[in-house]
Amino acid sequence: GEKTGVEVLSETSGTLAGKTYYDKIGETWYLGNTLSAAIGQAENSFSPLQMAKYISMLTNGGKNIDLTLIKTIINQDGTRVSKDEIKE
């Protein structure tokens with residue numbers, strides 16, 4: 001339910017179904033909702049990129065994976081644009 005941090009302006013955070021989310025929308029979380037959410041149903045909403053990051057983190061022992069679509073940008077004068085500038 002969080003943004004991946006990839007350089008995409010329109011990236012959304014997604015939704016992770018759970019008691020916290022249900023409290024936020026004013027609904028009641030029941031035990032049956034837990035079973036539904038556990039198999040990927042309910043109000044879960046993730047992008048393919050979020051799922052890829054999740055699987056990558058699982059296969060890397062829980063280590064956070066920094067996603068990027070842009071490896072580097074080189075100006076005409078040969079200098080590299082910093083990651084901070086790219087994010088802005």
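Between atom CZ of residue Arg80 and atom OG1 of residue Thr72 there is a gap of 4.0 Å, rounded to the nearest 0.5 Å. Put simply, CG on Asn44 and OG1 on Thr15 are 8.0 Å apart, with the number rounded to the nearest 0.5 Å. Here CD of Glu2 is found 8.5 Å from OG of Ser13. Values are rounded to the nearest 0.5 Å. For the atom pair Lys19 NZ and Tyr22 OH, the distance stands at 12.0 Å (nearest 0.5 Å).
When all heavy atoms of Leu16 and Phe46 are compared, the closest pair comes out as CD1-CZ, 3.8 Å. The heavy-atom pair separating Val6 from Leu69 by the smallest distance is CG2-CG, 3.5 Å. The two atoms that bring Ala37 and Ala17 nearest to each other are CB-CB, 4.1 Å, heavy atoms only. Annotation for Gln50 and Gly14: closest pair NE2-N, 4.0 Å, computed over non-hydrogen atoms. Nearest approach of Lys53 to Ile65, heavy atoms of both residues: CE-O, 3.0 Å.
Tyr21 is not connected to Tyr30 by any chain of hydrophobic side-chain contacts under 4.5 Å among Ile, Leu, Val, Met, Phe, Trp and Tyr, and they are in different clusters. No path of Ile, Leu, Val, Met, Phe, Trp and Tyr side chains, each step under 4.5 Å between heavy atoms, connects Leu67 with Tyr54, placing them in separate hydrophobic clusters. Residues Ile70 and Ile74 are members of separate hydrophobic clusters, defined by side-chain heavy-atom contacts under 4.5 angstrom among Ile, Leu, Val, Met, Phe, Trp and Tyr.
Between the side chains of Glu11 and Ser47, not a single donor N or O lies within less than 3.5 Å of an accepting N or O. Side-chain polar atoms of Trp29 and Thr20 form no donor-acceptor pair below 3.5 angstrom.
In terms of modelled atom types and a separation under 3.5 Å, the side chain of Gln41 and the main chain of Leu35 share no donor-acceptor contact. The backbone N or O of Asp77 sits nowhere less than 3.5 Å from a side-chain atom of Asn75 that would complete a donor-acceptor pair.
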